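Encoded as structure tokens, the structure appears first; notes follow it.
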Amino acid sequence: MEQDFAHRFVTVIIVILFFSSIVLLLGILVSRTIKNKKERESDLWHEKFQALLVNILFDAKYEPGTDDYKRLIKKYHADKLNAVQQKALIGEMDVLHKNVAGETSEKLEAFYHDVGLIPYAVERVKDGKWWEKAGAFRELSEFKAVSQYDLILKYVDHDNKTLRAEAQYAAVSLKGVNALHFVESLKYPMSEWQQLVMLEKLARYLPEEIPDVRHWLSSDNDSVVIFGLKVIAQFQQFNAEKQVIELLVHKNPRVVKQDIQSLVRLQFKSACPFLRRIYSDSPKSIKLQIIDALSELGDSGDRSFFRELVEDQDDFEIGLRAGMALRNLGGRSILQQLDRKELTEQRRKIVTHALDERI
């Protein structure tokens with residue numbers, strides 16, 4: 001009896017597994033069929049919209065305002081396109097827009113607005129997943145949807161790093177330097193990459209078009225301070241000299257490192273006494289940076305500072321960097337004097353290397 005029950009139980013399990021496998025296989029086949037159908041549909045619409053956009057851009061009868069143009073707008077208005085068709089149209093427009101400029105670019109932007117795609121991008125911003133929101137930001141900024149600037153501005157300090165980066169870039173793309181006011185209010189950090197992207201976007205402007213950003217240097221957000229220092233250096237805001245020098249005592253070493261870079265780039269020679277003052281209490285990485293900065297900004301008055309470093313230094317890297325700075329400031333004779341003195345083996349190596357012109 002027990003053997004019959006076990007046999008029936010195993011048979012039932014096998015039958016269930018068999019039919020489950022069939023259902024799973026059918027599901028995969030149906031899913032694959034649907035996917036292939038969508039891909040074929042997408043490919044067809046991509047080809048169709050490629051031809052359509054070429055006509056709009058290069059055929060005179062489709063100039064904006066003409067009857068033929070109006071008929072195209074009515075026929076391919078976003079309200080009449082399904083999701084696959086909208087995606088194909090936007091994809092082709094995006095690729096084309098990135099590769100054209102001037103009047104051609106403006107025609108594409110006008111078509112994007114006229115065909116009614118903005119509300120659908122706004123819908124993705126409001127109700128989409130974070131990656132859909134980010135894509136919508138890129139789309140709106142690419143096609144100059146300035147009307148949506150305030151909506152995008154709501155996301156520039158979002159807790160999602162990628163989303164806020166896209167929103168910040170979109171805001172500056174739409175309003176240029178007039179959008180920079182949001183930076184001073186940021187609570188979340190700006191990544192190094194985001195700062196680089198923003199600087200690249202601002203590079204098209206003249207220094208006199210960039211607003212005074214000195215107030216960013218007092219932000220509690222250290223990444224805003226660092227970005228402010230980069231903007232000040234890149235656009236030569238010499239009126240920030242006092243505030244930049246004061247940051248040499250900032251508690252964050254990353255801020256101090258960027259501050260020294262900016263001081264050198266701006267050639268703020270008045271910072272030299274402050275650099276010497278903070279040297280002894282600084283970590284090695286910043287000490288090396290201070291030495292290089294003084295080598296660039298200093299003068300003959302800094303030779304005694306470097307002489308003391310060479311004479312008292314057991315760290316070979318610091319000593320050599322100080323010796324080369326001394327040589328750079330016209331202190332070769334001082335190095336030669338040191339070379340004739342009794343020195344430890346380590347310090348003698350430092351002097352010998354510093355005197356070697358090949359280094």
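Model, not experiment: these values are computed from the prediction.
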How close do G319 and V310 get, heavy atom to heavy atom, and via which atoms? O-CG2, 4.0 Å

Please list all pairs passing the salt bridge (charged side-chain N to carboxylate O under 4.0 Å, His left out) test where one or both residues lie in residues 246-275, with sequence neighbours left out. E192-R254, K242-E246

So if I apply the side-chain hydrogen bond (donor to acceptor under 3.5 Å, both in side chains) rule between H97 and each of K144, K107, E92, E109, which one comes out positive? E109

Tell me whether D59 contacts the main-chain N or O of V54 through its side chain, where contact means a donor paired with an acceptor under 3.5 Å. no

From N221 CG over to K187 NZ, what is the distance, rounded to the nearest 0.5 angstrom? 8.5 Å

Grab the two heavy atoms, one from K201 and one from V172, that are nearest each other, plus how far apart they are. CG-CG1, 3.7 Å

Any K230 side-chain heavy atom under 4.5 Å of Q261 side chain: no

Tell me the closest heavy-atom pair linking M190 and V183, and the distance in Å. SD-CG1, 4.3 Å

Between K61 and T66, is any pair of side-chain heavy atoms under 4.5 Å apart? no

One pair to check against side chain to side chain contact (heavy atoms under 4.5 Å, CB included): F49 and L96. What are the steps and the verdict? CA-CA 11 Å; F49 287 134; L96 193 54; over 6 Å; no

Quick one: does M324's side chain get under 4.5 Å of S295's, heavy atoms only? no

Test item: L163 and F137 side chains (from C-beta on) under 4.5 Å apart, heavy atoms: yes

Please check this pair: side chain of Q85 against backbone of N82, looking for a donor-acceptor N/O pair closer than 3.5 Å. yes

Quick check against the 3.5 Å criterion: does Q86 have a side-chain atom that pairs as donor or acceptor with the backbone of A78? yes

Are more than 12 heavy atoms, taken from residues, nucleotides or ligands other than E208, located less than 6.0 Å from that residue's CD atom? yes

So ring pair (Phe, Tyr, Trp, His ring centres under 6.0 Å) across residues 283-338, not counting sequence neighbours, yields Y279-F305, F316-H353

How many angstroms lie between atom CD1 of I291 and atom CG of D302, to the nearest 0.5 angstrom? 12.0 Å

Got a donor-acceptor contact below 3.5 angstrom from the R164 side chain to the H158 backbone? yes

Do L248 and F238 belong to the same hydrophobic cluster, where Ile, Leu, Val, Met, Phe, Trp and Tyr are linked whenever their side-chain heavy atoms lie under 4.5 Å apart, directly or via other members? yes

Say whether I245 and L247 are linked into one hydrophobic cluster, either directly or through other cluster members, by side-chain heavy-atom distances under 4.5 angstrom. yes

F227 and L196: same hydrophobic cluster, using ILVMFWY side-chain contacts below 4.5 Å? no

Nearest 0.5 Å, what's the CG-CG distance between L57 and L52? 9.0 Å

Nearest heavy-atom neighbours spanning L329 and L294: CD1-O, 4.0 Å

Is any side-chain heavy atom of F182 less than 4.5 Å from a side-chain heavy atom of K175? no

With side chains defined as the heavy atoms from C-beta onward, is the minimum distance between P211 and V177 less than 4.5 Å? yes

Mark yes or no for whether E209, through its side chain, and L206, through its backbone, hold a donor-acceptor pair below 3.5 Å. yes

May I ask whether I260 and V249 are part of the same hydrophobic cluster, defined by side-chain heavy atoms of I, L, V, M, F, W, Y residues being less than 4.5 angstrom apart, directly or through others? yes

Is the closest side-chain donor-acceptor distance between Y112 and E139 under 3.5 Å? yes

Is any NZ, NE, NH1 or NH2 atom of the basic residue among R71 and D67 found under 4.0 Å from an Asp or Glu carboxylate oxygen of the other? no

When you group the ILVMFWY residues by side-chain heavy-atom contacts below 4.5 Å and let the links chain together, are L89 and F58 in the same group? yes

Considering all heavy atoms of both residues, which atom of S262 and which atom of L229 are nearest to each other, and what is their separation? OG-O, 3.2 Å

What distance separates N160 CG from E166 CD, expressed to the nearest 0.5 Å? 10.0 Å

Reported CG-to-CD distance for the pair D68 and E63, which is rounded to 0.5 angstrom: 11.5 Å

Looking at K74, is its backbone amide N or carbonyl O close enough to the side chain of K80 to form a donor-acceptor pair, meaning the two atoms are under 3.5 Å apart? yes

Could you state the interatomic distance from CD1 (I232) to CG (L263), rounded to the nearest 0.5 Å? 10.5 Å

Side chain to side chain contact (heavy atoms under 4.5 Å, CB included) between L186 and Q168, intermediate numbers included: CA-CA 10 Å; L186 294 178; Q168 290 170 15; 3.8 Å; yes

Below 4.5 Å, heavy atoms only, C-beta onward: do D157 and S185 meet side chain to side chain? no

Whether the S285 and Q289 side chains hold a donor-acceptor pair (N or O, under 3.5 Å, no angle test) is what I'd like checked. no

Report, one line per pair, each donor and acceptor closer than 3.5 Å where one atom sits in a side chain of residues 148-156; sequence neighbours left out.
| unit_1 | atom_1 | unit_2 | atom_2 | d |
| --- | --- | --- | --- | --- |
| Y149 | OH | H181 | NE2 | 3.3 |
| Y155 | OH | V125 | O | 3.4 |

Distance-only side-chain donor-acceptor flag, Y69 / N55, under 3.5 Å: no

Counting N and O atoms only, with roles assigned by atom type, does the side chain of Q234 sit under 3.5 Å from a partner on the main chain of V231, one being a donor and the other an acceptor? no

Is atom NZ of K129 surrounded by more than 12 heavy atoms (other residues, nucleotides or ligands) closer than 6.0 Å? no

Check step by step if side chain to side chain contact (heavy atoms under 4.5 Å, CB included) holds for I226 and W216. CA-CA 9 Å; I226 291 171; W216 293 2; over 6 Å; no

Write down the atom of D94, the atom of F143, and the distance for their closest heavy-atom approach. N-CZ, 3.8 Å

Residues, nucleotides or ligands: over 12 heavy atoms within 6.0 Å of D220 CG: no

Check: K287 and D315 side chains under 4.5 Å, non-hydrogen atoms: no

Using side chain to side chain contact (heavy atoms under 4.5 Å, CB included), reason through I318 and K284 one step at a time and then give a plain yes or no. CA-CA 8 Å; I318 290 178; K284 180 179 175 178; 3.9 Å; yes

